[in-house]
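Naming convention: chains lettered A, B, ... in sequence-line order (proteins, then strands); numbering from 1 in each chain.
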Amino acid sequence: MSDQRADRFAKLEKLRQLGIDPYGGRFPGVSTNQTIRTAAETLDISAGQILGPVAAPGEPSAVVDGRVAHRAAGRVVLHRDIGSLIFITVRDQTGDLQWGVSRKMVESALAVSAGDAGEARLHAGEAAWKLAKLLDLGDLVGCEGRLGRTKTGELTLWATHLTLLSKCLRPPPEKFHGLQDVEARYRRRYVDLLSNVESREVFLKRAAIINYARKVLHERGFVEVDTPVLQPIYGGAAARPFTTHHNALDMKLYLRISPELYLKRCLVGGLERVFEFARCFRNEGISPRHNPEFTMLELYQAYGDYHDMMEITEAIIAGAARDVIGSYRIRFGEREIDYTPPWPRRRYGDLFAEHAGIAMADTAAIRARARELYTRKQISVDEAKADDAVVISALFEHYVEPHLVNPMFVVDYPAPLCPLTKRHPSEPGLALRFEAYVNGMEMGNAYSELNDPVVQQETLTAQLRGEGDETMAVMDEDFVEALEYAMPPAGGLGIGIDRLCMLLTGSESIRDVLLFPLQRPR
RNA sequence: GAGGGCGUAGCUCAGUUGGCAGAGCAACGGCCUUUUAAGCCGUGGGUCCUGGGUUCGAGUCCCAGCGCCCUCACCA
């Protein structure tokens with residue numbers, strides 16, 4: 001055991017001998033630091049002043065009718081002991097607040113009668129003073145006190161009563177730099193969260209972004225559903241799945257790679273506007289933009305098409321930028337990205353011609369260029385082994401994607417890339433699909449959904465033939481049968497929530513927006 | 001899977017040409033009633049990621065392994 005940990009265990013005993021329970025209990029009536037700060041703004045507290053009189057201990061705190069006693073709680077992040085006066089900076093979820101503990105003040109405070117069983121006991125007098133002296137960085141503490149300001153004007157809660165809510169037995173990271181080691185931040189996220197305010201902010205923003213998207217969808221009449229994560233047949237994307245096994249049924253199961261085929265069954269059943277925040281799993285490489293499990297928002301709107309999906313995409317992403325982050329313009333790395341809607345719509349073929357310098361119909365020239373790039377190892381697709389659409393897609397990634405920095409809808413994809421999409425009515429080689437690109441990254445993917453069961457059967461069969469190895473999906477006969485009961489024409493959309501959170505929080509790695517990213521065991 | 005980088009005190013980091021393992025914060029003891037990463041005096045704290053090797057001598061050089069990060073590959 002480290003010396004510091006041993007010291008803290010020794011303090012546990014010392015506290016118990018003083019009659020202080022190191023693990024507290026219920027502590028009702030706590031105001032957040034944010035609430036206290038806001039309340040203080042409406043009070044005219046001058047430097048050096050401490051407000052009074054003290055409210056009856058145990059009453060819920062709030063500034064009402066001039067009453068100024070507050071209960072606060074949080075983690076000790078700074079502890080400055082000046083002899084008979086101690087300043088403690090206490091952090092809660094909403095921010096930091098300075099507490100002041102004056103020996104004279106706590107020792108003259110009246111003792112509090114014990115509350116309910118299970119309620120943390122507020123200490124006054126000598127016990128409170130000794131507790132304040134013994135506090136360690138990282139301890140969770142509660143207090144009741146009076147608002148004031150120090151000589152330098154710092155808002156301070158002057159404690160009359162103190163309680164220890166939970167003793168911290170390990171030293172927290174350095175108070176100024178926090179936890180910097182990337183591996184430690186991922187493996188022990190709790191330490192990262194408690195010491196790095198910026199990290200906590202990222203996850204609070206993530207929650208706000210998801211709430212915002214949910215609100216947009218509820219306003220449009222969408223219903224949130226939950227579909228299976230464990231699937232006997234996987235589909236809806238081209239990716240390698242994780243496999244597992246159900247013992248009682250003695251059955252092989254897959255963790256879903258996409259919720260798509262189940263959400264479409266919902267459409268058939270008359271759930272006309274559905275969405276799901278779907279945790280998906282893909283057994284593939286890990287990178288700053290790929291995690292084995294990730295969250296996809298997927299939604300379907302009956303009687304709509306991909307144009308409706310563009311409007312929703314803008315509403316969610318640009319709206320979250322504006323309402324959660326506070327601006328349509330957000331820095332990401334060296335760049336500033338402008339989310340102001342409406343975003344430009346550009347045809348896939350036009351972008352291809354513009355950046356690759358070849359018409360999409362000029363198959364010979366495309367193959368020649370692909371061969372050249374493959375030889376120079378600039379693309380990974382061997383044109384000799386790939387069909388036209390795959391080669392075009394590889395060139396598109398190489399030439400076009402890096403230019404798509406500000407949000408853009410790329411529309412009308414080559415049909416062979418989109419087996420679940422309706423064909424363009426006047427150009428059968430194209431599909432009614434868009435992808436939303438931001439910062440060269442694919443952020444959203446939407447279709448006018450294919451609802452012709454016969455065509456669907458054909459395209460899925462073709463896809464089965466096309467792929468050889470384990471990425472090959474098994475034909476989902478039940479899905480095609482569902483389409484035969486008539487699925488409404490619909491727009492469908494998928495948005496990568498983790499990537500959206502990366503962009504809006506300025507996080508350059510997906511692991512920085514995942515609380516507990518996968519790590520090999522140590 | 002390939003290449004590159006990193007791994008030193010609880011944390012943040014130095015460590016020169018291979019020559020006694022360092023600082024700040026944190027901890028411990030002492031002083032201090034208005035601090036702001038408080039300050040001052042004093043003290044303790046190391047599997048230098050692991051295992052081999054070279055050398056009189058390895059944190060440092062070599063080999064192997066483990067973990068993390070980045071690039072590439074993979075990847076709707």
> Quick one: on RNA chain B, does Arg188(A) or Leu78(A) contact a more 5' nucleotide (nearest heavy atom)?
Replying inline: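 Looking at the nearest nucleotide for each, Arg188(A) comes out on the 5' side.
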>> Here's a test of your reading of the structure: between Asp136(A) and Ile82(A), which maps to the more 5' nucleotide of RNA chain B?
In response: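 Going by which nucleotide is closer to the 5' end, it is Asp136(A).
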Quick one: label [X] by what it contacts on the DNA or RNA (base, sugar-phosphate, nothing), any heavy atom closer than 4.0 Å.
| X | result |
| --- | --- |
| Arg187(A) | sugar-phosphate |
| Asp181(A) | sugar-phosphate |
| Gly48(A) | nothing |
| Glu435(A) | nothing |
| Trp99(A) | nothing |
| Tyr413(A) | nothing |
| Arg522(A) | sugar-phosphate |
| Arg185(A) | nothing |
| Pro419(A) | base |
| Lys175(A) | sugar-phosphate |

> Is Thr150(A) side chain donor-acceptor paired with the rU36(B) base, going by distance under 3.5 Å alone?
Replying inline: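 Answer is yes: a donor-acceptor pair is held.
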Which one, [options], comes nearest to the side chain of [X]?
| X | options | result |
| --- | --- | --- |
| Pro173(A) | rG67(B), rA73(B), rC11(B) | rC11(B) |
| Arg289(A) | rU71(B), rG10(B), rU33(B) | rU71(B) |
| Pro288(A) | rG67(B), rU36(B), rC70(B) | rC70(B) |
| Gln4(A) | rU33(B), rG10(B), rG45(B) | rG10(B) |
| Glu174(A) | rU35(B), rC28(B), rG24(B) | rG24(B) |
| Ser380(A) | rC68(B), rC70(B), rA73(B) | rA73(B) |
| Ser84(A) | rU35(B), rU33(B), rA76(B) | rU33(B) |
| Arg433(A) | rA76(B), rC68(B), rC13(B) | rA76(B) |

>> Looking at Glu41(A) and Arg37(A), is there a salt bridge between them, counting it only when a charged N and a carboxylate O are closer than 4.0 Å?
In response: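 No, no charged N to carboxylate O under 4.0 Å.
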>> Whether Asp139(A) and Lys11(A) form a salt bridge (side-chain N of Lys/Arg under 4.0 Å from carboxylate O of Asp/Glu) is what I want to check.
In response: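 Asp139(A) and Lys11(A): not salt-bridged.
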For [X] and [N], is the shortest distance between a side-chain N/O and OP1 or OP2 below 4.0 Å?
| X | N | value |
| --- | --- | --- |
| Lys11(A) | rC28(B) | yes |
| Arg80(A) | rU35(B) | no |
| Arg511(A) | rC70(B) | yes |

>> For Thr35(A), run the side-chain hydrogen bond (donor to acceptor under 3.5 Å, both in side chains) check against Asn33(A), Thr32(A), Thr38(A) and tell me which one passes.
In response: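 Testing each of Asn33(A), Thr32(A), Thr38(A) against Thr35(A), the sole residue satisfying side-chain hydrogen bond (donor to acceptor under 3.5 Å, both in side chains) is Thr32(A).
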> What is the distance, rounded to the nearest whole Å, between atom CG of Leu137(A) and atom P of rC11(B)?
Replying inline: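 Distance, rounded to whole Å: 15 Å.
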> Judged by modelled atom types alone, do Arg511(A) and Asn291(A) share a side-chain donor-acceptor pair under 3.5 Å?
Replying inline: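 Absent: no donor and acceptor within the cut-off.
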> Hey, are the side chains of Tyr374(A) and Glu383(A) touching, using non-hydrogen atoms and a 4.5 Å cut-off?
Replying inline: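 No; the side chains remain at least 4.5 Å from each other.
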>> Can you check the distance between rU17(B) and rC74(B), where both ends of the measurement are the C1' atom (answer in whole Å)?
In response: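 Taking atom C1' in both rU17(B) and rC74(B), they lie 44 Å apart.
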> Who does rG24(B) pair with, Watson-Crick or G-U, both distances under 3.5 Å?
Replying inline: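 WC or wobble partner is rC11(B).
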